[in-house]
Amino acid sequence: MSFAVIQMVSQSDVLTNLIQARRLLEQAAMGGATLAVLPENFAAMGRRDVADIGRAEASGEGPILPWLKQAARDLTLWIVAGTLPLPPEGQPNAKPNACSLLIDDQGQIVARYDKLHLFDVDVADARGRYRESDDYAFGAKVVVTDTPVGRLGLTVCYDLRFPELYSELRAAGAELISAPSAFTAVTGAAHWDVLIRARAIETQCYVLAAAQGGVHPGPRETFGHAAIIDPWGRVLAQQDQGEAVLLAKRDSSEQASIRARMPVVNHRRFFSQGAQRPASE
């Protein structure tokens, strides 16, 4: 079965972004995709009212969740919904998480991943300072779940710099890993390609690296280069900037062969000692 990775240049207006995302999801479905991955912040970029957005969505008064469920049903498509702000379950007034949802083709939420690693970094660009934890709460769980294209591990953007998370996903049975992202132009040019290929090689998983690729409010410029990487680290598809829909198929036989010929999971000698590990689900 095929899967799709989507690149966008999202702006601050939610409804405009949803119109653009729907068009790209339609292209993915027409191309034969069973699952599509939207980028980080697909519904809004450059907004500081993320807590308000999250409360509206959690209370059923926001536009994003109904739109996602309807798009999945209309297109008979599983969707990894990049990220959107959502408060922790049962805590509607708490600081939101940067949440990546998996929606099935019936419009049901089947998995929720709250971004574990938040981007609190100084970057030599026009913005200079990023403090994601000012707006978002840290996640606490590693999430791997079954999909029609294989067992999927969920990650987001800055998570790519923490290989121990990806080792946990592989140990939990991941065969594909989604990485919806909005890398800055500076950090992306330096590290994006190396990181997404390394995470694929070390886990022997497909990495579905959706991205933002262009200029956004803030000011902010993102690197783009959305890509699909196979378990041997080969780039199956990539787009430098602008909107794009990338398609590829999982070759489960080849993946099994790679894992059998180089059984790195069985060869691990170092494991975390004393570190607090996220829960799994």
Side-chain angles (χ1 to χ4, degrees), residues 3-29 31 33 35-47 50 64 68 71 79-85 98 100 115 117 119 121 123-128 130 132 154-161 176-200 206-230 234-248:
F3 41 78
V5 159
I6 290 174
Q7 183 159 289
M8 296 179 64
V9 189
S10 298
Q11 303 298 309
S12 59
D13 184 75
V14 171
L15 295 181
T16 299
N17 293 328
L18 295 184
I19 290 169
Q20 294 171 348
R22 173 65 184 239
R23 174 169 47 79
L24 295 168
L25 289 171
E26 288 174 353
Q27 291 180 30
L35 177 145
V37 184
L38 290 165
E40 186 176 27
N41 298 326
F42 74 96
M45 283 281 288
R47 296 279 291 262
V50 294
I64 304 171
L68 280 167
I79 300 172
V80 177
T83 62
L84 65 155
S100 188
K115 188 176 181 181
H117 303 98
F119 190 61
V121 175
V123 177
D125 63 8
R127 181 166 169 175
Y130 297 81
E132 210 168 30
L154 299 174
T155 71
V156 174
C157 200
Y158 191 49
D159 285 334
L160 283 162
R161 295 183 182 275
L176 309 98
I177 300 173
S178 57
S181 299
F183 259 59
T184 71
V186 171
T187 58
H191 301 143
W192 170 255
D193 285 330
V194 173
L195 288 170
I196 58 177
R197 293 187 65 212
R199 299 295 84 87
Y206 288 85
V207 171
L208 313 183
Q212 296 281 355
V215 178
H216 317 269
R220 183 166 182 179
E221 183 179 356
T222 50
F223 182 64
H225 292 75
I228 299 171
I229 313 297
D230 81 358
R234 291 171 291 214
V235 180
L236 301 183
Q238 190 166 63
Q239 170 75 18
D240 54 0
Q241 290 277 290
E243 293 182 355
V245 177
L246 308 178
L247 293 158

Would you find a donor on one side and an acceptor on the other, under 3.5 Å apart, between the side chain of [X] and the backbone of [Y]?
X: Gln27; Y: Val245; value: no
X: Ser181; Y: Ala179; value: yes
X: Gln212; Y: Thr184; value: no
X: Gln7; Y: Val5; value: no
X: Ser100; Y: Thr83; value: no
X: Asp240; Y: Gly224; value: no
X: Arg199; Y: Leu160; value: yes

Measure the shortest side-chain to side-chain distance between [X] and [Y] over non-hydrogen atoms and say whether it is less than 4.5 angstrom.
X: Asn17; Y: Ser10; value: yes
X: His225; Y: Ile196; value: no
X: Val156; Y: Phe119; value: no

Quiz prompt | Test side chain to side chain contact (heavy atoms under 4.5 Å, CB included) applied to Thr187 and Tyr158, step by step | solution = CA-CA 10 Å; Thr187 58; Tyr158 191 49; over 6 Å; no

Exercise. Scan Leu25, Leu35, Ile6 and name whichever one has a side-chain contact (heavy atoms from CB on, under 4.5 Å) with Ile79.
Key: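 For Ile79, the side-chain contact (heavy atoms from CB on, under 4.5 Å) test succeeds with only one of Leu25, Leu35, Ile6, which is Leu25.
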
Quiz item: With Phe3, which of Val37, Val80, Leu208, Leu247 fulfils side-chain contact (heavy atoms from CB on, under 4.5 Å)?
Solution: Leu208

Practice problem: Using the test ring-ring contact (aromatic ring centres under 6.0 Å, His included), find all partners of Phe42 that sit at least two apart in sequence or belong to another chain. | Solution: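 Applying ring-ring contact (aromatic ring centres under 6.0 Å, His included) to Phe42 gives none.
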
Between [atom1] of [X] and [atom2] of [Y], what distance do you get to the nearest 0.5 Å?
X: Ile229; Y: Leu176; atom1: CD1; atom2: CG; value: 13.0 Å
X: Thr222; Y: His216; atom1: OG1; atom2: NE2; value: 2.5 Å
X: Ile64; Y: Leu15; atom1: CD1; atom2: CG; value: 9.0 Å

Quiz item: Are Phe183 and Phe223 an aromatic pair by the rule of ring centers under 6.0 Å?
Solution: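 No.
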
Practice problem: Might you work through the side chain to side chain contact (heavy atoms under 4.5 Å, CB included) test for Met45 and Met8, ending with a clear yes or no? | Solution: CA-CA 11 Å; Met45 283 281 288; Met8 296 179 64; over 6 Å; no

Please report the shortest heavy-atom distance between [X] and [Y], naming the atom on each side.
X: Glu243; Y: Gln239; result: O-NE2, 4.2 Å
X: Ala43; Y: Leu18; result: CB-CD2, 4.1 Å
X: Ala44; Y: Ser12; result: CB-O, 4.1 Å
X: Gly213; Y: Val9; result: O-CG2, 3.2 Å
X: Ala71; Y: Arg22; result: CA-NH1, 3.7 Å

Practice problem: Using salt bridge (charged side-chain N to carboxylate O under 4.0 Å, His left out) as the criterion, list what pairs up with Arg197, not counting sequence neighbours. | Solution: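 Per chain and number, Arg197 pairs via salt bridge (charged side-chain N to carboxylate O under 4.0 Å, His left out) with no residue.
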
Quiz item: Who pairs with Asp230 by salt bridge (charged side-chain N to carboxylate O under 4.0 Å, His left out), at least two apart in sequence or on another chain?
Solution: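 So Asp230 forms a salt bridge (charged side-chain N to carboxylate O under 4.0 Å, His left out) with Arg234.
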
